[in-house]
*Asks:* 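This is the structure I want to talk about, given as structure tokens.
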Amino acid sequence: MASITTRHFLQTAGTLVAGLVLAACSKQEPAASAPAAPAPAARIYVVGTDAAYAPFESQNEKGEIVGFDIEVVQAAAQQAGMDVKFLNTPWEGIFNSLGQGDRDLLVSAITITDERKQTMDFSTPYFDAQQLIAVKKDSKIAKFDELKNLKVGVQNGTTGDEVITKLQGKDSANVKRFESTPLALKELEGGGVDAVVADNGVVVHYVNNNVNAQFKTISDASFKAEQYGMAVKKGNADLLEKINKGLAAIKTDGSYDRIYAKYFGAAPAAPTAAASK
Ligand code: ARG
């Protein structure tokens, strides 16, 4: 008797479940032909970054994109109520990706230059930088001018490329252009170039983390002060305003200084917030 009752119960339950499933399915039918207004999907801003530029942006062992720039964008985005996701984007095509709309924002230790300002818009500056020369420890090179007729490695299309191209002339065969700054530094290690010119933060980081490479650095008074900014497609005032608000907020609430100290050991000497161009 008990078993019959149980079987009966199961049959009834089964019919009920089947009915519910059918009901659920049929409920979706009309939705397809007359869709209810979908809940607005939270906009996710796609941030492009050339993640071969530690400590600003690089990939960790898990393949995650990490670094100073990443944390600054994350903190600023949070303040601005924006959702962001980062996509590794080779430097070579990085600026085009903005124009084509594949990326909304770029963060990549990008120096704000007058030339670049013609094709994209920049956030307020968030970091001060300068070129720095890396040579082998036993090198006799003492200043930038001495690189005039030597083989020099740079990352193609960077401000390091600009300064050395200016010194050697644009047709010089001695400027060796690499896809990434670490590749240029590897070449220096192997003796393929006499020097590398790149952003100070990246050169110092590489020298400190590759003691076997036996490099030393040389700064030169002729190098101009540079400032990093985040780039948006020209005319994207809405996103620029959001990101600038976020940046201003993290500069006031102490999170910018905290991130800075995490990567560079101390709070910035002069508040970047006050810097202008
Ligand atoms: N600051 C330099 C420039 O804007 C180099 C930046 C390279 N950044 C990178 N993630 N590879 O030209």
Side-chain angles (χ1 to χ4, degrees), residues 48-59 67 69 87-100 102-103 106-120 122 129-136 139 141 143-207 209-210 213-220 222-229 231:
T49 186
D50 173 27
Y53 215 63
F56 297 96
E57 43 267 333
S58 61
Q59 279 185 286
D69 280 355
L87 285 187
N88 198 359
T89 309
W91 182 255
E92 300 268 357
I94 206 165
F95 297 128
N96 278 340
S97 74
L98 263 192
Q100 289 161 353
D102 296 336
R103 306 287 185 270
L106 301 179
V107 71
S108 223
I110 303 169
T111 301
I112 303 170
T113 69
D114 287 339
E115 197 192 334
R116 289 174 183 164
K117 273 196 219 161
Q118 302 187 352
T119 52
M120 64 198 92
F122 282 99
Q130 201 160 44
Q131 294 307 299
L132 188 65
I133 305 163
V135 293
K136 289 278 212 172
S139 165
I141 299 165
K143 54 185 177 47
F144 183 58
D145 280 356
E146 294 167 21
L147 302 182
K148 175 92 181 138
N149 297 305
L150 297 177
K151 281 190 191 148
V152 180
V154 290
Q155 182 174 11
N156 191 16
T158 57
T159 44
D161 186 354
E162 274 172 34
V163 294
I164 194 67
T165 302
K166 200 167 162 211
L167 180 75
Q168 296 200 351
K170 70 172 176 17
D171 298 323
S172 169
N174 278 332
V175 180
K176 307 289 178 198
R177 298 183 174 88
F178 295 85
E179 223 170 86
S180 78
T181 298
L183 280 176
L185 289 159
K186 271 275 162 236
E187 190 71 8
L188 176 62
E189 206 175 325
V193 292
D194 303 297
V196 163
V197 181
D199 292 9
N200 53 348
V202 173
V203 172
V204 167
H205 180 88
Y206 190 93
V207 171
N209 288 280
N210 295 274
Q214 300 278 337
F215 289 165
K216 67 179 175 190
T217 62
I218 304 163
S219 47
D220 194 281
S222 72
F223 293 142
K224 295 200 188 77
E226 298 183 23
Q227 288 183 310
Y228 294 166

*Asks:* How long is the gap from OG1 on T217 to OH on Y206, to the nearest 0.5 Å?
*Replies:*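 One gets 14.5 Å once the value is rounded to the nearest 0.5 Å.
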
*Asks:* Nearest 0.5 Å, please: how far is OG in S180 from CD in E92?
*Replies:*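 Those atoms lie 10.0 Å apart.
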
*Asks:* Can you list the residues that meet the salt bridge (charged side-chain N to carboxylate O under 4.0 Å, His left out) rule with E146, with sequence neighbours excluded?
*Replies:*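 Once residues adjacent in sequence are excluded, E146 has no partner under the salt bridge (charged side-chain N to carboxylate O under 4.0 Å, His left out) criterion.
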
*Asks:* Counting only heavy atoms not in K151, do more than 12 sit closer than 6.0 Å to its NZ atom?
*Replies:*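 No.
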
*Asks:* Ignoring hydrogens and angles, tell me if any N or O in the side chain of D50 forms a donor-acceptor pair with the backbone of S108 under 3.5 Å.
*Replies:*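 Not a single qualifying donor-acceptor pair exists.
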
*Asks:* Between CG of L147 and CD1 of I164, what distance do you get to the nearest 0.5 Å?
*Replies:* 5.0 Å

*Asks:* Please report the closest heavy-atom contact between F144 and I133, naming both atoms and the distance.
*Replies:*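 Looking at all heavy atoms of both residues, the closest pair is CA-CD1, 3.8 Å.
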
*Asks:* Could you check if a side-chain atom of N156 sits within less than 4.5 angstrom of a side-chain atom of E179, using non-hydrogen atoms only?
*Replies:* no

*Asks:* As an exercise, state the distance from CD of Q214 to CD of E189, rounded to the nearest 0.5 Å.
*Replies:*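 Q214 atom CD to E189 atom CD measures 9.5 Å (nearest 0.5 Å).
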
*Asks:* Testing the basics here: between T158 and R116, what is the closest heavy-atom pair and its distance to 0.1 Å?
*Replies:* CA-NH2, 4.1 Å

*Asks:* Heavy-atom count check: over 12 atoms from other residues, nucleotides or ligands less than 6.0 Å from Q168 CD?
*Replies:* yes

*Asks:* Between S222 and D220, does any side-chain donor sit less than 3.5 Å from a side-chain acceptor?
*Replies:*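 The criterion, which ignores hydrogens and geometry beyond distance, is satisfied for D220 and S222.
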
*Asks:* Give the C-alpha distance, both sets of side-chain angles, the deciding distance and a yes or no for side chain to side chain contact (heavy atoms under 4.5 Å, CB included) between D145 and L167.
*Replies:* CA-CA 7 Å; D145 280 356; L167 180 75; 4.0 Å; yes

*Asks:* Provide the closest heavy-atom pair for F122 versus T111 in the form atom of the first, atom of the second, distance.
*Replies:*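 Of all heavy-atom pairs spanning F122 and T111, the closest is CZ-O, 4.1 Å.
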
*Asks:* Does E115, at its CD atom, have more than 12 non-hydrogen atoms belonging to other residues, nucleotides or ligands within less than 6.0 Å?
*Replies:* no

*Asks:* Going from CG on L98 to CE on M120, what distance comes out if it is rounded to the nearest 0.5 angstrom?
*Replies:*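 The CE atom of M120 is 6.5 Å from CG of L98, to the nearest 0.5 Å.
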
*Asks:* Hydrogens and angles aside, do D199 and Y228 bring a side-chain donor and acceptor to less than 3.5 Å of each other?
*Replies:*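 The criterion, which ignores hydrogens and geometry beyond distance, is satisfied for Y228 and D199.
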
*Asks:* With rounding to the nearest 0.5 angstrom, report the CG to CG distance, N149 to D194.
*Replies:* 10.5 Å

*Asks:* Please report the shortest heavy-atom distance between P182 and A52, naming the atom on each side.
*Replies:* CD-O, 3.3 Å

*Asks:* Who passes salt bridge (charged side-chain N to carboxylate O under 4.0 Å, His left out) against D161, sequence neighbours left out?
*Replies:* R177

*Asks:* Would you call the rings of W91 and F95 parallel, tilted or perpendicular, taking 30° and 60° as the class edges?
*Replies:* perpendicular

*Asks:* Any donor and acceptor pair, going by atom type alone, linking the side chain of K136 with main-chain N or O of G191 inside 3.5 Å?
*Replies:*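 Answer holds: no.
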
*Asks:* Can you give me the closest heavy-atom contact between I110 and A231, atom names plus distance?
*Replies:* CD1-CB, 4.5 Å

*Asks:* Take N210 and F215 through the test side chain to side chain contact (heavy atoms under 4.5 Å, CB included) and record every step on the way to the result.
*Replies:* CA-CA 8 Å; N210 295 274; F215 289 165; over 6 Å; no

*Asks:* Mind running side chain to side chain contact (heavy atoms under 4.5 Å, CB included) on V193 and L188 for me, showing each step along the way?
*Replies:* CA-CA 5 Å; V193 292; L188 176 62; 3.9 Å; yes

*Asks:* Under the rule for salt bridge (charged side-chain N to carboxylate O under 4.0 Å, His left out), what residues qualify as partners of D114, not counting sequence neighbours?
*Replies:*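 With sequence neighbours excluded, D114 shows a salt bridge (charged side-chain N to carboxylate O under 4.0 Å, His left out) to K117, given in chain and number order.
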
*Asks:* Under 3.5 Å, is there a donor-acceptor pair between the E226 and T159 side chains?
*Replies:* yes

*Asks:* What closest approach, in Å, do V203 and A134 show between heavy atoms, and which atom pair accounts for it?
*Replies:*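 Closest approach of V203 to A134, heavy atoms only: CG1-CB, 3.8 Å.
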
*Asks:* Taking S97 for its side chain and D102 for its backbone only, find out whether a donor-acceptor pair lies under 3.5 Å.
*Replies:*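 Here the side-chain-to-backbone pair does not exist.
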
*Asks:* Before you tell me yes or no, could you show the steps for Y53 and H205 under side chain to side chain contact (heavy atoms under 4.5 Å, CB included), namely the whole-Å CA-CA distance, both residues' side-chain angles and the distance that decides it to 0.1 Å?
*Replies:* CA-CA 10 Å; Y53 215 63; H205 180 88; over 6 Å; no

